[in-house]
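What follows is a set of notes on a single structure, which appears directly below.
Residues take their numbers from the sequence shown, with the count starting at 1. Each ligand, and each atom within it, is numbered from 1 in the order the structure gives.
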Amino acid sequence: MNNYRNDFPLLSRKINGKGLIYFDNAATTPRPQQVIKAVTDHYQNHSGNPGRGTHTLSLESSRVLEEGRKKVLKFLHASPEEYVVIFTKNTTESLNLAAHILNGKSVITTVSEHHSNFLPWQNKQVIGVTEKGTINLSEIKTKEGEVLAVTHGSNVTGNITDLAAIVSIARERHLITVIDAAQTIAHEEVNLTETSVDFFAFSAHKLYGPEGVGVLVMKKHYLTAEPMILGGGAVDKVTTSTVLFKHNEERFEAGTPNTAGVAGLLAALEYVTSIGIKEIKKKETELLEHCLQKALTIPQLKIVGSVTSDKRTPLVSFTLGNIHPHDIADFLDSEGIAIRAGYHCAEPLHAALRTGPTVRVSFSFFNEKQEIDSLFTVLDICIQKFA
Ligand code: PLP
């Protein structure tokens, strides 16, 4: 796996004179050369306005979007008979679109959500988590609702909620399922044919793809819903008093899309597929376990959530005595180590777990155990400095 590291130009950057150690993969992943090349190639050789023109460049750009939809479905083992792929600008927009399509329905969601899967839901009831951050799915039985909006993986604790378990309980209660997969898309094998969730959202930039491209995979029958954004490309016919919207993905994609971004997403999907999610998970679990082991030896360090690698994405959030996470983040940055500090856009979860802001380190398969060792060496210095 070590060779893959060379695919990422960003990793050879110096930060404050030190070689970059990138532990903020849960926020956004660096891009491999293959993705950067695909985006550049699109602009250099193919870029036309997709879905509108009839000239070669326009048709080539349209083909990128078609290919992109096919690749996303293949990656998620989803059938084109059952699902459609809508391109948005990120997970947040995908979840807002799902909330718009399901407007008026009562929603059950969880305290574990990122704000992006919490704020869009208006009429909601909230289920809790255990002190380890595991979502109390059985609490759903005590709530009334029509939609179940749940994160597949928490961006604070890394806790993964089994899609099969979510869907099983949702079926029992006749709930429409909306899954926020922002944190799992780069780490977990997903099979939508088996799980058959209704809506599934993620961002390309958390999967080694470009910023500005999100995906909403949804069951085909929701194509009759009202579009969220109105304008060019979404319509079949417009008169001064009427409008006939398309009955395909474009209904929800008014305006010129980010075709170069989709070209990059296509390359990212190919890249991840070529390595294999199983191999990726194996390496990332090793890194996660190494980090947990080291973390457990520091008395002042308090891990938020579970202390094991079971059903978890490769991230660890923690507090370090009374040192403010932003001070830790600044100190680590001065040593070339990029991490995240704060509430991670998940304030209700921090409140439920009775913790203030946290430091979060998140790994990718390209990271090395030695980098984790360096992190802990610097954290030690940090403890002495701020004590
Ligand atoms: N959901 C979760 C669980 C996340 O971790 C994030 C981003 O960190 C989002 C949603 C929002 O993703 P984006 O900023 O790409 O819209």
_Ile36 with Tyr43, same ILVMFWY side-chain cluster at under 4.5 Å_ = no

*In the protein, which heavy atom is nearest to atom 3 (C) of ligand 1, and how far is it?*
Asp180 OD2, 3.4 Å

*Is it possible for you to check whether Lys219 lies under 6.0 Å from the centre of the six-membered ring of Phe199, through NZ or CZ, and within 45° of that ring's axis?*
no

*Mind checking whether His344 and His350 have ring centres under 6.0 Å apart?*
yes

*Between Glu93 and ligand 1, find which residue part has any heavy-atom pair under 4.0 Å and reply side chain, backbone, both or neither.*
neither

*Arg52 and Thr256: side-chain contact (heavy atoms from CB on, under 4.5 Å), yes or no, with the steps?*
CA-CA 9 Å; Arg52 322 282 203 272; Thr256 301; 4.1 Å; yes

*Tell me whether the centres of the aromatic rings in Phe365 and Tyr208 are closer together than 6.0 Å.*
yes

*Between His344 and ligand 1, which residue portion shows a heavy-atom distance shorter than 4.0 Å: side chain, backbone, both, or neither?*
neither

*In the protein, which heavy atom is nearest to atom 12 (O) of ligand 1, and how far is it?*
Thr91 CB, 3.6 Å

*In terms of residue, atom name and distance, what is the protein heavy atom nearest to atom 11 (C) of ligand 1?*
Thr92 OG1, 3.5 Å

*Looking only at non-hydrogen atoms, which of Ser203, Ser154, Ala181 approaches atom 15 (O) of ligand 1 most closely?*
Ser203

*asked:* So if I count the atoms of ligand 1 from 1 in the order they appear, which ones are less than 4.0 Å from some heavy atom of His205?
replied: 13 (P), 15 (O)

_Check contact between Lys206 and ligand 1, using heavy atoms of the residue and a distance below 4.0 angstrom._
yes

*Protein heavy atom at shortest distance from atom 5 (O) of ligand 1*: Gln183 NE2, 2.7 Å

*List the closest protein heavy-atom neighbour of atom 4 (C) of ligand 1: residue, atom name, distance to the nearest 0.1 Å.*
His114 CD2, 3.2 Å

